[in-house]
Amino acid sequence: MAEAGSEQREIKLEAGWRNELAQEFASDYMQALRSFLLQQKAAGKRVFPAGNEIFNALNTTAFDAVKVVILGQDPYHGPGQAHGLCFSVKPGIDLPPSLINIYKELAADVGFKPPGHGCLQHWAEQGVLLLNSVLTVEAGRAASHQGNGWAQFTDSVVHILNEKRQGLVYILWGSYAQKKGAIIDRNRNLVLQSPHPSPLSASRGFFGNHHFSKANAYLQQQGTEPIDWQLPSLSELES
């Protein structure tokens, strides 16, 4: 993307990630990706999420603060849904089917109470990196920005975490996430895998996977503060 330093200032990337990903932003493929996004906007196409939210996962969960990594695939492509965190939607937006199933598993696993919204920002602020493989999408066109460089960029994020951090929990739902997480050193981290929470596959092993309680048990074994999976209520968010 353009010249590395100027692009990083433009997107205001968290300092730890900015340092770790400097070579990626200077690479040819990221320059090509930036050009692609500019062309999309010049052509009048709506791109989700908003530009200042594309790197929300990295900006909210600092490199040194990551405890848990949940890998998604593409941003939601409906109006007002995507805000840079996988599986999450902004308050006031209807819960997508996969998130409804995530909430069901949370309730069964850790006594989670539905908060009346689908915003997972509270998790990200505690160290849960909610990383999609592809970080942008054209409005109304699912998976439309695949094959333009984002997957290579987010592969680098996973690779850097695997090389420089340990004692993390990687939650990989579905074959796509499991392929992306294949490089993770299972001797230095906990890797939890199950079918995807989508309605098509949740009943084949997502329900009952106990990934949330298993993640916290592992973090506590590492001497790390566990995640408070309970999300603030809608009224708490608005206050």
Side-chain angles (χ1 to χ4, degrees), residues 17 21 24 29-30 33 36-37 47-49 53-58 60-61 66-78 81-89 95-106 109 118 120 123-124 128-163 165 168-186 189-212 214-215:
W17 284 116
L21 294 167
E24 298 304 312
Y29 84 86
M30 285 296 277
L33 174 55
F36 165 75
L37 292 173
V47 174
F48 296 142
E53 294 177 326
I54 291 173
F55 294 98
N56 192 15
L58 300 178
T60 305
T61 311
V66 176
K67 299 177 182 180
V68 178
V69 181
I70 298 180
L71 294 181
Q73 189 165 350
D74 292 273
Y76 299 121
H77 56 87
Q81 290 182 305
H83 64 123
L85 305 177
C86 71
F87 295 104
S88 180
V89 292
L95 269 62
S98 290
L99 188 54
I100 290 173
N101 286 339
I102 289 170
Y103 281 7
K104 287 179 181 177
E105 175 56 25
L106 277 161
D109 186 19
L120 307 182
W123 294 357
V128 182
L129 182 64
L130 295 165
L131 184 67
N132 273 319
S133 177
V134 177
L135 300 188
T136 58
V137 69
E138 182 184 338
R141 295 189 61 218
S144 51
H145 286 187
Q146 288 188 10
N148 287 288
W150 277 130
Q152 186 174 345
F153 175 78
T154 53
D155 279 348
S156 295
V157 171
V158 175
H159 174 76
I160 289 165
L161 283 171
N162 186 57
E163 289 291 310
R165 296 289 312 280
L168 307 185
V169 181
Y170 291 84
I171 296 179
L172 311 177
W173 295 325
S175 60
Y176 187 94
Q178 288 157 22
K179 289 175 185 174
K180 194 171 186 72
I183 66 163
I184 298 161
D185 185 345
R186 285 156 166 77
N189 304 280
L190 176 65
V191 177
L192 299 172
Q193 299 187 170
S194 82
H196 195 275
S198 82
L200 296 174
S201 56
S203 61
R204 299 202 298 265
F206 174 79
F207 291 133
N209 64 25
H210 300 290
H211 281 180
F212 303 100
K214 288 177 180 177

Could you note down all residue pairs passing salt bridge (Lys or Arg N to Asp or Glu O under 4.0 Å) where residues 191-209 supplies at least one of them, sequence neighbours left out?
->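 Residue pairs passing salt bridge (Lys or Arg N to Asp or Glu O under 4.0 Å), neighbours aside: none found.
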Among residues two or more places apart or on two chains, list those pairs meeting salt bridge (Lys or Arg N to Asp or Glu O under 4.0 Å) that have a residue in residues 140-159.
-> E138-R141, D155-K180
Across all chains, not counting sequence neighbours, the side-chain hydrogen bond (donor to acceptor under 3.5 Å, both in side chains) partners of E163 are none
Residue list, side-chain hydrogen bond (donor to acceptor under 3.5 Å, both in side chains) with H159, at least two apart or on another chain =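 Checked H159 against side-chain hydrogen bond (donor to acceptor under 3.5 Å, both in side chains); zero matches.
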Side chain to side chain contact (heavy atoms under 4.5 Å, CB included) partners of [X], counting only residues at least two apart:
X	answer
A124	T60, T61, L85, L130
K104	I100, N101, F207
Q146	Q73, D74, V134, A143
E53	P49, A50, H83, K90

All salt bridge (charged side-chain N to carboxylate O under 4.0 Å, His left out) counterparts of E105, not counting sequence neighbours =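 Listed in chain order: nothing, the list is empty.
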All ring pair (Phe, Tyr, Trp, His ring centres under 6.0 Å) counterparts of F36, not counting sequence neighbours = H145
Using ring pair (Phe, Tyr, Trp, His ring centres under 6.0 Å) as the criterion, list what pairs up with H77, not counting sequence neighbours.
->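 Per chain and number, H77 pairs via ring pair (Phe, Tyr, Trp, His ring centres under 6.0 Å) with no residue.
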So side-chain hydrogen bond (donor to acceptor under 3.5 Å, both in side chains) across residues 168-177, not counting sequence neighbours, yields S133-Y176, W173-H211
What heavy-atom pair brings S144 and V137 nearest, and what distance separates the two atoms?
->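 Scanning both residues completely, I find the closest heavy atoms to be OG-CG2, 3.5 Å.
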